[in-house]
Participant: 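Have a look at this one.
The shown structure was predicted, so the numbers you read here are calculated from the model rather than taken from an experiment. Throughout, a chain's letter reflects where its sequence line sits, starting with A, and its residues are numbered from 1.
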Amino acid sequence: MAHDSIQLPCDADGACMRCKATPPTEETLTCSMCATPWHVACLASPPETLVSTLQWHCPDCSGDPLLSAAAVVDGSSSELLASIKAIEADESLTEKEKARKRQELVSGRVEEDGDTKKGKGKEKDSSVLDVLDSSLNCSFCMQLPDRPVTTPCGHNFCLKCFQKWIGQGKRTCAKCRSTIPPKMASQPRINSTLVSVIRMAKLSKSNVAAESHKVFHFMHNQDRPDKAFTTERAQKAGKANAASGKIFVTVPPDHFGPITAENDPARNQGVLVGECWEDRLECRQWGAHLPHVAGIAGQSNYGAQSVALSGGYEDDEDHGEWFLYTGSGGRDLSGNKRTNKEQSFDQKFEKMNEALRVSCKKGYPVRVVRSHKEKRSSYAPEKGVRYDGVYRIEKCWRKVGIQGFKVCRYLFVRCDNEPAPWTSDEHGDRPRPLPAILELKKAIDISERKESPSWDFDSSVV
DNA sequence: GGGCCCGCAGGG
DNA sequence: CCCTGCGGGCCC
């Protein structure tokens, strides 16, 4: 039974779209994330306490907490990560051996063949996740940390849990009571090394548990021609209906982050920031952004690998080092339409939009390409498509777009170690400093209010 | 320049 | 399988 299958908010006139009544304000609840009013009586599970009412997330936005704006991410590497990468790259090892070596590395000990397990006989596989569980867990929620931050004393917390702690005025480590430096309290940085380690460890667990369980199949198109080509079926001329040519890089389609030299057998240099291609098909061949038409590459239960900026959404803003991006969907693509600029229904955090939200939550890096079609941006290439490096999604939310329907919104902030492609042109000859988070919040506040009076930024920030 | 249409690629 | 998708060429 699905008695709660249909959950609808109030419409623009304040009428509940479910019972059609127009409830007085005191009988509505406003989502703290998307600022949409909902009729309390029609909610499947209304909040029970005052506090939960104040921080209430509507059915569209709930599922998990959204992220407060914060935290520029540190891009430093570590020996541990380098070692794991070395194992990954070792062609003499099987997947199983790689998994074992990763485990040994992270656990700091060598597994013996038989039983090294601490009694209890729960599961006999001692996976690296178990080790992570005991040593790296967030001391607040006792889970592997989301968007982990690490104190100087070496303890890890979810960004959100940490900020909550700081928000309560605490300035000592919740685990060992060491002092937390003011800088970290005011601007915690996501430990991107730990993000990678946790992700690899999870991969390793799935390798051990289900060896041949390939979540995402690899495209076997290494044998295709060097350039995009026209198939028998695609009888129209040119690249309009072309199929992709060979993929030159060896990263799997679900690879996050930069494409490095070891995955570039053709040139042995990797995909460099600033690299340009003729069009999206050629861009695809170098793995920077695989979809031919779609703007987001990702999987809703996994994360997003890349996005393309092409000026397709008018509310988007491009500031180079950071930009506001709109999710996909909400458009009527029936018939033969592929791109229809008109919104005709709300976007939700599902499919590709959810993939971006996962990347936001986990702190995964997202590759960004810009297209010459991004006419309203001074950061767009003159022609073709350009790889602009790696960004992180600092925040995501929903708002009513300029066309009157809800859209998913994302704040991307550049976090690449290489200078951006535009640093030597009219934008100045040195990298622009990352804007302070407060400045960003202000900028978004202004722009989102300007476009959508119903959007209340302040109440959306936890 | 804008509308229109097409097949491909991939998620689900 | 079906549906979606910030391409791209052509026709007017």
Participant: Just how far, in rounded Å, is P of B/dG12 from OH of A/Tyr302?
Facilitator: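 It works out to 13 Å between those atoms.
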Participant: NA contact type, A/Gly298, heavy-atom cut-off 4.0 Å: base, sugar-phosphate, or nothing?
Facilitator: sugar-phosphate
Participant: Using atom CD of A/Gln305 as one end and atom P of B/dA9 as the other, report the distance to the nearest whole Å.
Facilitator: 18 Å
Participant: Output the distance between atom CD (A/Glu282) and atom SG (A/Cys276), rounded to the nearest 0.5 Å.
Facilitator: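 Here the interatomic distance stands at 10.0 Å.
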Participant: Looking only at the side chain of A/Met352 (C-beta and beyond, no hydrogens), which of the listed nucleotides C/dC6, B/dA9, B/dG11 gets closest?
Facilitator: B/dG11
Participant: Under 4.0 Å between a side-chain N or O of A/Arg233 and OP1 or OP2 of B/dC8?
Facilitator: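 A/Arg233 to B/dC8 OP1/OP2: side-chain N or O found under 4.0 Å.
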Participant: What is the distance, to the nearest angstrom, from the CD atom on A/Gln235 to the C1' atom on B/dC5?
Facilitator: 14 Å
Participant: Go through the structure and list residues passing side chain to side chain contact (heavy atoms under 4.5 Å, CB included) with A/Ala355, not counting sequence neighbours.
Facilitator: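 A/Ala355: side chain to side chain contact (heavy atoms under 4.5 Å, CB included) contacts with A/Ala304.
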Participant: Quick check on DNA chain B: between A/Lys337 and A/Gly245, whose nearest nucleotide comes earlier from the 5' end?
Facilitator: A/Lys337
Participant: Scan residues 227-241 of chain A for pairs that pass side chain to side chain donor-acceptor pair (under 3.5 Å), counting only residues two or more places apart or in two chains.
Facilitator: A/Lys239-A/Asp279
Participant: Between A/Lys246 and A/Asp223, does at least one N-O distance fall below 4.0 Å, as a salt bridge requires?
Facilitator: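 No, no charged N to carboxylate O under 4.0 Å.
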Participant: To the nearest angstrom, how far is A/Asp332 atom CG from B/dC5 atom P?
Facilitator: 14 Å
Participant: Restricting to pairs with a member in residues 268-277 of chain A, which pass salt bridge (Lys or Arg N to Asp or Glu O under 4.0 Å), not counting sequence neighbours?
Facilitator: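 The answer is A/Arg267-A/Glu275.
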Participant: What nucleic acid atoms does A/Phe229 come within less than 4.0 Å of, heavy atoms only: base, sugar-phosphate, or nothing?
Facilitator: nothing
Participant: In whole Å, what is the span from the CD atom of A/Gln299 to the C1' atom of B/dG11?
Facilitator: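 Between C1' of B/dG11 and CD of A/Gln299: 8 Å.
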Participant: Using OP1 and OP2 only, check whether a side-chain N or O of A/Ser310 sits under 4.0 Å from C/dG7.
Facilitator: yes
Participant: A/Ser244 near the nucleic acid: base, sugar-phosphate alone, or nothing, with a heavy-atom cut-off under 4.0 Å?
Facilitator: sugar-phosphate
Participant: Does the side chain of A/Thr326 come under 3.5 Å of the side chain of A/Arg409 through a donor N or O and an acceptor N or O?
Facilitator: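 Indeed, the side chains of A/Thr326 and A/Arg409 share at least one donor-acceptor pair under 3.5 Å.
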Participant: Taking ring-ring contact (aromatic ring centres under 6.0 Å, His included) as the test, write out the residues that go with A/Phe412, two or more places apart.
Facilitator: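 A/Phe412 satisfies ring-ring contact (aromatic ring centres under 6.0 Å, His included) with A/Phe323, A/Tyr325 once adjacent residues are dropped.
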Participant: Which part of the nucleic acid does A/Ala297 contact within heavy-atom distance under 4.0 Å: base, sugar-phosphate only, or nothing?
Facilitator: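 Nothing, no nucleic acid heavy atom in range.
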Participant: Tell me whether the OP1 or OP2 atom of C/dC6 has a side-chain N or O from A/Arg376 closer than 4.0 Å.
Facilitator: no
Participant: Quick check on A/Glu418: does its CD atom have over 12 non-hydrogen neighbours (other residues, nucleotides or ligands) under 6.0 Å away?
Facilitator: yes
Participant: Is the shortest distance from a Lys or Arg side-chain nitrogen in A/Lys399 or A/Asp315 to a carboxylate oxygen in the other one below 4.0 Å?
Facilitator: yes
Participant: Report each atom pair, protein N/O against N/O of nucleotides 8-10 of chain C, whose distance is under 3.5 angstrom.
Facilitator:
unit_1 : atom_1 : unit_2   : atom_2 : d
C/dG8  : OP1    : A/Arg280 : N      : 2.8

Participant: Want to settle it: does A/Ala242 or A/Lys351 sit nearer the 5' end of DNA chain B, counting the closest nucleotide to each?
Facilitator: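 Between the two, 5'-proximity favours A/Ala242.
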Participant: Expressed in angstrom and rounded to an integer, what is the separation of A/Lys383 atom NZ from C/dG7 atom P?
Facilitator: 18 Å
Participant: OP1 or OP2 of C/dG5 less than 4.0 angstrom from a side-chain nitrogen or oxygen of A/Arg284, does that happen here?
Facilitator: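 For A/Arg284, the contact criterion (side-chain N or O under 4.0 Å from OP1 or OP2 of C/dG5) is not met.
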Participant: Round to the nearest Å and state the distance from A/Lys341 atom NZ to B/dG1 atom P.
Facilitator: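 Atom NZ in A/Lys341 sits about 14 Å away from atom P in B/dG1.
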Participant: Under 6.0 Å between ring centres: does that hold for A/Phe256 and A/Tyr302?
Facilitator: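 Here the rings of A/Tyr302 and A/Phe256 have centres that are less than 6.0 Å from each other.
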Participant: Note every stem involving DNA chain B: at least three consecutive Watson-Crick or G-U wobble pairs, i with j then i+1 with j-1, with both distances under 3.5 Å.
Facilitator: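 As far as DNA chain B goes, consecutive pairing (with distances under 3.5 Å) yields the stems B:1-6 with C:7-12, B:8-12 with C:1-5.
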Participant: Taking NE2 from A/His289 and C1' from B/dC8, how many angstroms apart are they, rounded to a whole number?
Facilitator: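 Going from A/His289 (NE2) to B/dC8 (C1'), I get 14 Å.
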Participant: Does a nitrogen or oxygen in the side chain of A/Thr231 sit under 4.0 Å from OP1 or OP2 of B/dC8?
Facilitator: yes
